[in-house]
Amino acid sequence: MKFSIAALISAAAVALAAPAPVPPGIPSGSTARTLLGRLTTSPWRDTTTYNRDLFPHWSTITGNCNGREYVLQRDGTNVQVDGSCAAISGRWYSPYDGATWTAASDVDIDHMVPLRNAWISGASQWTTARRQSFANDINGPQLWAVTDNVNQAKSDRSPDSWRPPLTSFYCTYASSWIQVKSTWGLTVTSAERTALSDMLNYC
């Protein structure tokens with residue numbers, strides 16, 4: 001079968017324009033606003049007792065793939081892996097800042113709701129098994145492949161003190177944050193609620 005040059009160029013353009021893969025379960029802006037209204041407002045608790053080791057993370061998801069490698073494959077394109085499931089090549093688009101990377105080392109897997117934020121908004125009362133499930137949640141919009149230094153800039157901050165560089169991503173970011181907190185029964189502070197509501201205005 002033969003293809004014209006024009007057809008090949010057109011197909012390539014469509015491929016480049018296709019949206020990057022995203023985690024599952026992101027609600028619409030209107031649904032997110034409804035969910036936000038149902039979240040409990042509460043000050044942070046247990047702020048001095050957090051330890052990252054209390055959230056066993058990067059557990060095995062399938063085969064040899066842990067949570068990080070699973071998300072790199074899910075959210076990347078043309079990802080090739082070695083026998084241990086480590087990504088050796090691919091292409092990743094970071095929705096937080098709009099950057100594209102071809103080296104997995106430039107990509108971090110961000111917890112949309114950081115582990116420390118979860119701890120101080122309710123997870124300190126969970127069992128270790130539940131915290132492990134939270135830290136490795138691939139069923140909702142909790143894990144994202146993003147530019148490493150952008151993830152490091154975010155650290156454990158909530159939307160009232162950090163937002164992604166791209167304002168065009170505010171709606172998705174806030175909707176995802178709200179969905180995660182709703183799914184896991186976590187609380188929000190009043191400042192966090194205000195910031196999330198403001199970001200939903202970009203929907």
Asker: Drop me the distance from R74's CZ to I61's CD1, to the nearest 0.5 angstrom.
Answerer: 10.0 Å

Asker: I'd like to know if the side chain of S161 reaches the main chain of S158, judged simply by a donor and an acceptor atom lying under 3.5 Å from each other, with no hydrogens or angles considered.
Answerer: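 A pair under 3.5 Å: yes.
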
Asker: Run the salt bridge (Lys or Arg N to Asp or Glu O under 4.0 Å) test against R116 and tell me which residues pass, sequence neighbours left out.
Answerer: D156

Asker: If you define the side chain from C-beta out and look only at heavy atoms, does anything of W144 sit under 4.5 Å from Y96?
Answerer: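 W144 vs Y96: side chains touch.
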
Asker: Quick one, T40 with S42, criterion side chain to side chain donor-acceptor pair (under 3.5 Å). Give me CA distance, side-chain angles, the key distance, then yes/no.
Answerer: CA-CA 6 Å; T40 299; S42 177; over 6 Å; no

Asker: Can you check whether L54's main-chain N or O pairs, donor with acceptor, with R131's side chain at less than 3.5 Å?
Answerer: yes

Asker: What pair of heavy atoms forms the shortest contact from S175 to L200, and how long is it?
Answerer: OG-CD2, 3.6 Å

Asker: Under 3.5 Å, side chain of S155 to main-chain N/O of N151, donor-acceptor pair present?
Answerer: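 No, because the side chain of S155 does not come within donor-acceptor range (under 3.5 Å) of the backbone of N151.
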
Asker: Let me confirm one number: the CD-CG distance from Q152 to D108, rounded to the nearest 0.5 Å.
Answerer: 5.5 Å

Asker: How about W58 and H111: are their ring centroids closer than 6.0 Å?
Answerer: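 Under 6.0 Å, so yes.
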
Asker: Look at the side chain of N64 and the backbone N and O of G83, then say whether any donor-acceptor pair between them is shorter than 3.5 Å.
Answerer: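 Confirmed, N64 side chain pairs with G83 backbone.
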
Asker: Please determine whether residues V71 and W177 belong to a single hydrophobic cluster, defined as Ile, Leu, Val, Met, Phe, Trp and Tyr linked transitively by side-chain heavy-atom distances below 4.5 Å.
Answerer: no

Asker: Quick one: are C203 and Y170 in side-chain contact, heavy atoms under 4.5 Å?
Answerer: no

Asker: For the pair R91 and N78, evaluate side chain to side chain contact (heavy atoms under 4.5 Å, CB included) and give the outcome as yes or no after the intermediate values.
Answerer: CA-CA 7 Å; R91 184 180 179 90; N78 301 319; 5.8 Å; no

Asker: Among the clusters formed by ILVMFWY side chains lying less than 4.5 Å apart, do F169 and V107 turn up in the same one?
Answerer: no

Asker: Residues in side-chain hydrogen bond (donor to acceptor under 3.5 Å, both in side chains) with D82, at least two apart?
Answerer: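 By the side-chain hydrogen bond (donor to acceptor under 3.5 Å, both in side chains) rule, D82 matches S84.
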
Asker: A side-chain contact here means heavy atoms from C-beta on lying under 4.5 Å apart; do T31 and L35 qualify?
Answerer: yes

Asker: Considering non-hydrogen atoms only, spot the tightest contact between T62 and Y70 and give its length.
Answerer: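 What the structure gives for the nearest pair is CG2-CD1, 4.3 Å.
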
Asker: Look at atom CG of N51 and say whether more than 12 heavy atoms of other residues, nucleotides or ligands are closer to it than 6.0 Å.
Answerer: yes

Asker: What is the minimum heavy-atom distance between P27 and A32, and which atoms define it?
Answerer: CG-CB, 4.1 Å

Asker: Ignoring hydrogens and geometry beyond distance, is a side-chain donor-acceptor pair present between E192 and N117 at under 3.5 Å?
Answerer: no

Asker: Between V180 and P141, is any pair of side-chain heavy atoms under 4.5 Å apart?
Answerer: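 Yes, their side chains come closer than 4.5 Å.
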
Asker: Evaluate the side-chain proximity of R157 to P114: yes if any heavy-atom separation is below 4.5 Å, no if none is.
Answerer: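 No, every pair of side-chain atoms sits at 4.5 Å or beyond.
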
Asker: After noting the C-alpha distance and the side-chain angles of M199 and C171, does the key distance pass the side chain to side chain contact (heavy atoms under 4.5 Å, CB included) rule?
Answerer: CA-CA 6 Å; M199 292 175 78; C171 174; over 6 Å; no

Asker: Should D106 and W92 be marked as a side chain to side chain contact (heavy atoms under 4.5 Å, CB included) after you check the CA-CA gap, both sets of side-chain angles, and the distance that decides it?
Answerer: CA-CA 9 Å; D106 290 322; W92 294 271; over 6 Å; no

Asker: For S176, does its backbone N or O pair with a side-chain atom of Q179 as donor and acceptor, under 3.5 Å?
Answerer: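 Looks like no, no N/O pair under 3.5 Å.
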
Asker: List in chain and number order the residues that pass side-chain hydrogen bond (donor to acceptor under 3.5 Å, both in side chains) with N139, two or more places apart in sequence or in another chain; answer none if no residue qualifies.
Answerer: none

Asker: Taking the side chain as every heavy atom from C-beta outward, state whether V79 and V81 have any pair of such atoms under 4.5 Å apart.
Answerer: yes

Asker: Please round to the nearest 0.5 Å and tell me the distance separating atom CZ of R68 and atom NE2 of H57.
Answerer: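 Taking CZ in R68 and NE2 in H57, the distance rounds to 11.5 Å.
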
Asker: Indicate yes or no: at least one non-hydrogen side-chain atom of L143 is less than 4.5 angstrom from one of M112.
Answerer: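 No - every pair of side-chain heavy atoms lies 4.5 Å or more apart.
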
Asker: Would you say the side-chain atoms of N136 pair up with the backbone N or O of S59, donor to acceptor, closer than 3.5 Å?
Answerer: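 Here the side-chain-to-backbone pair exists.
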
Asker: Counting only N and O atoms by type, is there a donor-acceptor contact under 3.5 Å from the side chain of R33 to the main-chain atoms of S197?
Answerer: yes

Asker: Within 45 degrees of the ring normal and closer than 6.0 Å to the centroid, is that where the cationic atom of R163 sits relative to Y173?
Answerer: no

Asker: According to ring-ring contact (aromatic ring centres under 6.0 Å, His included), who are the partners of W101, at least two apart in sequence or on a separate chain?
Answerer: none

Asker: Among all residues two or more places apart in sequence or in another chain, which pass the side-chain hydrogen bond (donor to acceptor under 3.5 Å, both in side chains) test with T41?
Answerer: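 Scan of T41 (side-chain hydrogen bond (donor to acceptor under 3.5 Å, both in side chains), adjacent residues dropped) gives R193.
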
Asker: With a 4.5 Å cut-off on side-chain heavy-atom distances among I, L, V, M, F, W and Y, is there a chain of contacts connecting I26 to I138?
Answerer: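 Unlinked, I26 and I138 end up in two clusters.
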
Asker: Kindly give the heavy-atom pair with the smallest separation between A191 and D160, and that separation in Å.
Answerer: O-CB, 3.6 Å

Asker: What heavy-atom pair brings P56 and A135 nearest, and what distance separates the two atoms?
Answerer: O-CB, 3.7 Å

Asker: Hey, is the main chain of V113 close enough, under 3.5 Å, to the side chain of Q142 for a donor-acceptor pair?
Answerer: yes

Asker: If you round to the nearest 0.5 Å, how far is OG of S182 from CZ of R38?
Answerer: 7.5 Å

Asker: Side chain of K181, backbone of S121: donor and acceptor closer than 3.5 Å?
Answerer: no

Asker: Ring centres of W119 and W126 under 6.0 Å apart?
Answerer: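 W119 vs W126: aromatic centres not under 6.0 Å.
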
Asker: Considering residues at least two apart in sequence or located in another chain, which fulfil the side-chain contact (heavy atoms from CB on, under 4.5 Å) criterion with D97?
Answerer: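 By the side-chain contact (heavy atoms from CB on, under 4.5 Å) rule, D97 matches S94, A99, T147, V150, P165.
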
Asker: What is the minimum heavy-atom distance between A145 and D75, and which atoms define it?
Answerer: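 For A145 and D75, the tightest heavy-atom pair comes out as N-OD2, 3.6 Å.
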
Asker: Roughly how far apart are D148 CG and S105 OG, rounded to 0.5 Å?
Answerer: 7.5 Å

Asker: Nearest 0.5 Å, what's the OG1-CD1 distance between T183 and I178?
Answerer: 11.5 Å

Asker: Going by the angle between their ring planes, with limits at 30° and 60°, are F55 and Y50 parallel, tilted or perpendicular?
Answerer: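 Aromatic pair F55/Y50 classed tilted.
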
Asker: Using a cut-off of 6.0 Å, state whether more than 12 heavy atoms not belonging to W44 lie near its atom CH2.
Answerer: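 12 or below, so no.
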
Asker: Does some side-chain heavy atom of T187 sit less than 4.5 Å from a side-chain heavy atom of L39?
Answerer: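 Result no, sub-4.5 Å side-chain heavy-atom pair not found.
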
